[in-house]
Amino acid sequence: MSIVLSGIQPSGSLHIGHLVGALDNFVSLQKGNSVFYMIADWHALTSKYNQVEVIQPSVYELAATFLAVGINPNTSSIFVQSAIKEHAELQLLLSMTTPLSWLERVPTYKEKQVNANADLNSFGFLGYPLLQAADILMYQADKVPVGEDQLFHLELTREIARRFNHIYHTNFFKEPQAVLTPTAKVLGLDGRKMSKTYDNCIYLSDEDSSIKEKCTRQMISDPNRVKKTDPGNPDQCPVFVYHKIFSSQETQDEINKGCRGASIGCFDCKMKVAEKLIIKIAPVRERVQASLQNSKSLDEVLDHGNTQARKVAEGTMEKVRDVVKLPKF
Ligand code: TRP
Ligand code: SF4
């Protein structure tokens with residue numbers, strides 16, 4: 001049995017990329033593992049410190065989404081990062097042995113600073129990956145399901161663990177492994193990475209009509225196929241990427257042929273994508289709406305998850321304080 005930990009930031013609406021890129025993987029990893037799924041609200045604060053109103057509603061929305069996609073709160077610990085103060089303490093202690101240059105060379109550090117709408121020249125933002133390392137090492141996670149964009153953070157976590165172990169002559173911290181999603185990456189409506197910043201997302205909260213509208217009106221297709229009588233090339237079409245993820249092999253073959261032979265139009269092809277997305281999104285959206293109405297039971301789920309997580313975190317910190325020879329009071 002492996003220990004699995006992952007986290008998502010509660011920083012606004014979740015989109016279909018989160019569902020196939022992360023959540024589906026979270027669900028399947030529940031089987032046979034001891035799992036912790038964390039709502040990373042401190043991480044959200046590192047870049048949203050000037051829009052704090054979004055955080056609390058997003059925490060609930062994320063908790064409701066975890067339940068809606070099939071994460072079982074009785075066997076998986078769904079918890080809130082800021083409820084477990086030990087994460088901050090571990091980040092602090094790890095900060096003593098982590099060279100500043102390791103944090104400064106994280107690729108997302110400079111990139112995000114340029115694109116963000118807030119000034120991210122802060123101590124907190126620089127410490128983002130160190131806080132993530134604390135999240136992971138706290139639970140001695142073996143596996144961390146993440147997207148490709150997080151691989152650098154995982155490598156850094158391993159280096160931080162190794163250096164701590166080396167300096168204090170211990171083998172306490174385990175080195176975690178990333179688990180990448182097998183599915184292809186979902187692209188945004190404009191063919192770029194799906195991101196709120198680009199306004200090219202299909203959200204898990206989108207109504208059926210809006211999904212249809214986004215697919216048929218905004219999704220870009222093979223630019224060389226101007227008229228319906230022009231043959232298209234699915235290999236160059238972002239719409240076909242969606243079919244590869246969401247449609248059966250049979251439908252894919254049909255579209256592949258129809259597109260190359262100009263017997264199927266792009267509108268119909270996009271409409272088929274919309275239908276598949278609705279099948280995937282509508283039940284999740286409905287379950288999220290229903291559980292958001294019952295905030296008492298969401299609180300119970302989070303209280304339970306926090307208690308489970310806290311037990312482990314307290315044990316880890318006792319040991320870590322011991323290793324760095326802090327007095328016991
Ligand atoms: N940085 C992650 C992201 O943006 C979120 C995160 C925070 C996380 N702590 C984590 C992911 C620990 C995995 C493990 O997606
Ligand atoms: Fe793309 Fe489908 Fe149009 Fe072919 S028919 S170009 S796969 S949208």
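Both backbone and side-chain heavy atoms feed into the values below; hydrogens, waters and symmetry mates do not. Indexing begins at 1, ligand by ligand and atom by atom, following the structure's order.
Using cut-offs of 30° and 60° on the angle between ring planes, the pair Y242 and F246 is parallel.
In this model, no donor atom of one side chain and acceptor atom of the other lie less than 3.5 Å apart for N233 and D222.
In this structure, F66 and I8 have side chains that are in contact, with non-hydrogen atoms separated by less than 4.5 Å.
Under the 3.5 Å distance criterion, the side-chain polar atoms of Q30 are matched with a main-chain donor or acceptor of N72.
Every residue two or more places apart in sequence or in another chain was checked for a salt bridge (charged side-chain N to carboxylate O under 4.0 Å, His left out) with D299, and none qualifies. With sequence neighbours left out, the side chain to side chain donor-acceptor pair (under 3.5 Å) criterion links R287 to no other residue.
Protein residues with any heavy atom under 4.0 Å from ligand 1: L5, S6, G7, Q9, M38, A40, H43, Y128, Q132, D135, I136, V144, V146, Q150.
Around atom 1 (Fe) of ligand 2, protein N, O or S atoms at less than 2.8 Å number 1.
For K212, the NZ atom is loosely surrounded, since the number of other residues' heavy atoms within 6.0 Å does not exceed 12.
Scanning all heavy atoms of the two residues, the minimum distance from L131 to H87 falls at CD1-O, 4.1 Å.
For the pairing with D206, the side-chain hydrogen bond (donor to acceptor under 3.5 Å, both in side chains) check across H15, R285, K214 returns one residue only, K214.
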